[in-house]
Amino acid sequence: MDNLEGWKRSHTCGELTAKENGLDVTLMGWVHRRRDHGSLIFIDLRDRYGLTQIVFDPDLIPEKYQTAKDLRGEFVIAARGKVRVRPEGMVNPNIATGTIEVAVADLKILNRAKTPPFEIDGDVEVSEEVRLKYRYLDLRNTSMQKNMLLRHQMYQVVRSYFNRNNFVEVETPILMRSTPEGARDYLVPSRIHNGKFYALPQSPQTYKQILMVAGMDRYFQIVRCFRDEDLRHDRQPEFTQIDVEMSFVEQDDVLEMVENLMADLFKETLGVELQMPVRRLSYQEALETYGSDKPDLRFDMKIVDISSLVQDCEFKVFSGCVKNGGRVCGVALLGGAKYSRKQVDTLTEEMQREGAKGLVAIKVGAEGWDSSLAKFFESEAVTEINESFGVKEGDLLLLVADEKNTALTLAGSLRLKLADRENLISEDKYELCWVLDFPLLEYDEEEKRYGARHHPFTSPMDEDLAILEDNPKEARAKAYDLVLNGYEVAGGSIRIHRRELQDRMFRLLNISEEEAYDKFGFLLDAFEYGAPPHGGIAFGFDRLVMILAREQSIRNVIAFPKTNSALSLMDGSPSSVSDDQLKELGLRVI
RNA sequence: GGGGCCGUGGUGUAGUUGGUUAACACGCCGGCCUGUCAAGCCGGAGAUCGCGAGUUCGAGUCUCGUCGGCCCCGCCA
């Protein structure tokens, strides 16, 4: 094995072209592929910039040629030699440096490598379990390198954008006070104060509001957040937010600032021009039309409400549901009449697993419906229903009947299922929208009380202040979610900045004065010293990267993610700790 | 907390109603080879089938438990 001994890398493995023909170069990298002809040896040398073919010729370098014989996959080497244009017909169009090769004059083996458990950029797909265990190898794969690079570019666009717009990047504490509501906290025991704990931030919410009181005016931070909840393909216990807060603004000001950031991000990383301004839906509209507060607008298939058309029909499941205040609605699958009985049954079972009482599937025929249900409906009703869905012969109606929100949510989930099954979503599409006018409160069935839908610092709409106490469930919030391809990628609100209104909110949320003061006293105190009107937003950065990278999982855009059971397979966290460590913290494992 | 799918050489898979030497591809090792680029040809090594019980004359295959991976519901102010 050799040391560098003054060798300097002159070029990367991704940049040499015919222009450098005849140049003496020094490349360093990993042995990607080896093609040993027994005489000539070809090596694809890899670094993060690309691949370059280097050639060992025994006639020219008999001694180093013997060393080259020992090279194996993932050895780290340095090679010196002359760039030469490849002979006629031997160009490799698959790599950027395919027109040239480097004729090696001197070689250093900088490090050897064990045979890796999987080939870098190999063609057999490797299980995620193995990839996570050997993450340092997985990250050598081109796809992961691309994702990390995209993520890097997105950091840069974000920083440059906010800097340009007079935002100040401020770091907020990672060790903070545990907050009562919201997700479960990750706790950190205090050594100096045995029995007391810090919490890792679920978000820097209170800090950024205090920064507004502090006159920072415009703040942003790319910040790690922690929530001790179960994982999903788009949720990790530690994740990154782009956290933003602005003073002296109203909702539209925040939305505009965010839209321009999104335009920059798409343009500068993917070269995609987003359509501006971003479409806006009210929460009600989103729910009624798409059965979701994060609608995927990459395909149409709007939900149609036929309650009024079936309220007097003979089919008691429908009419009965409407009479009890429920709703009959559904979606149409164009060309769906080809669905077999079995396919419909499968769909029905899936919907039942999601809580549907049933699923009514009606094939639209040339004359009315090809369905046993047809006999329950007047022909005018059939025509009206067909028209409201805009269906014709060969289409399929899929209907659910239930309590209003349940019916809409089920129809929404049906919509997504069908899109998936029928491949209705083109992969290179990006559909962005705002969801606005959220309800301020949410009834918690378990706790039998209202909770904040967003968080307790979210301002109610001015026009709903009057009904706050009398009709709280109708009150709307100055809250907004940014939705991209069916994912919530950002959410925020205009905050309450006056102590009186904040107190009123706490009363509404059934948080006692003592409790509120105990948990948020510092914020309430701060509000008494001249808090400006302010509002902000926080992006789920990993999700955003995932979508732009066209990845199916957030894990593929995080360098060192946890598994579904919150384990890190590479370093084996979480782990036990020594009794001494526990003792020092005043802890005992029970 | 609940539901679904999965776990077989280093990697990815096959393995029939339970039946004797667990198969294939890639990778790995060795040999041949002066223009390959997913090099090629020939040969070879490598698996107590995640782990533990149980049923059985006999378990990769069936049952239970357990560990691990992925997806979903709950949860995620």
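Just so we're on the same page: letters track the sequence lines, and every chain starts at 1.
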So which protein nitrogen or oxygen atoms get under 3.5 Å of nucleotides 7-14 of chain B's nitrogens or oxygens?
| from | atom 1 | to | atom 2 | distance (Å) |
| --- | --- | --- | --- | --- |
| G10(B) | O2' | P117(A) | O | 2.9 |
| U11(B) | O4' | P117(A) | O | 3.1 |
| G12(B) | OP1 | S127(A) | N | 2.8 |
| G12(B) | OP1 | S127(A) | OG | 2.8 |

Over-ring placement of R415(A) relative to F299(A), 6.0 Å and 45° cut-offs
yes
Residues in residues 67-87 of chain A with a heavy atom under 4.0 Å of RNA chain B, by number, are R72(A), R84(A), R86(A), P87(A)
Please lay out, stage by stage, how L255(A) and W434(A) fare under the test side-chain contact (heavy atoms from CB on, under 4.5 Å).
CA-CA 9 Å; L255(A) 302 197; W434(A) 286 110; 3.5 Å; yes
Distances under 3.5 Å between nitrogen or oxygen atoms of protein and nucleotides 22-24 of chain B:
none

Go nucleotide by nucleotide along RNA chain B from the 5' end; which of K562(A) and A183(A) gets its closest nucleotide reached first?
K562(A)
Output all residues satisfying salt bridge (Lys or Arg N to Asp or Glu O under 4.0 Å) with E350(A), sequence neighbours left out; order by chain, then residue number.
K417(A), R421(A)
Looking for any heavy atom pair under 4.0 Å, which part of the strands does I41(A) touch: base, sugar-phosphate only, or nothing?
nothing
With a 4.0 Å cut-off on heavy atoms, is Q53(A) in touch with a base, just the backbone sugar-phosphate, or nothing at all?
base
Result for salt bridge (charged side-chain N to carboxylate O under 4.0 Å, His left out) between D138(A) and one of K133(A), R131(A), R555(A) points to R131(A)
Side chain of T563(A), heavy atoms from C-beta onward: which of C71(B), U36(B), C70(B) has the nearest atom to it?
C70(B)
Earlier contact from the 5' end, RNA chain B, for Q202(A) and R555(A)
R555(A)
Under a 4.0 Å N-O cut-off, is there an ion pair linking E488(A) with R543(A)?
no
Within the sub-3.5 Å range, which N or O atoms of nucleotides 72-75 of chain B have a protein N or O partner, and how far apart are they?
| from | atom 1 | to | atom 2 | distance (Å) |
| --- | --- | --- | --- | --- |
| C72(B) | OP1 | H233(A) | NE2 | 3.4 |
| C73(B) | OP2 | R232(A) | NE | 3.1 |
| G74(B) | N7 | R232(A) | NH2 | 2.9 |
| G74(B) | O6 | R232(A) | NH1 | 3.0 |
| G74(B) | O6 | R232(A) | NH2 | 3.3 |
| G74(B) | N1 | D230(A) | OD2 | 2.6 |
| G74(B) | N2 | D230(A) | OD2 | 3.2 |
| C75(B) | O2' | E229(A) | OE1 | 2.5 |
| C75(B) | O2 | R235(A) | NH2 | 3.1 |
| C75(B) | N3 | R235(A) | NH1 | 3.3 |
| C75(B) | N3 | R235(A) | NH2 | 2.8 |
| C75(B) | N4 | R232(A) | NH2 | 3.4 |
| C75(B) | N4 | R235(A) | NH1 | 3.2 |

G54(B) pairs with which nucleotide, Watson-Crick or G-U wobble, both distances below 3.5 Å?
C62(B)
Look at R35(A) and A39(B) and indicate whether a side-chain polar atom (N or O) is within less than 4.0 Å of OP1 or OP2.
yes
Using Watson-Crick or G-U wobble geometry with both distances below 3.5 Å, tell me the partner of G68(B), or none.
C6(B)
Can you pull every protein N or O that's under 3.5 Å from an N or O on nucleotides 41-48 of chain B?
none

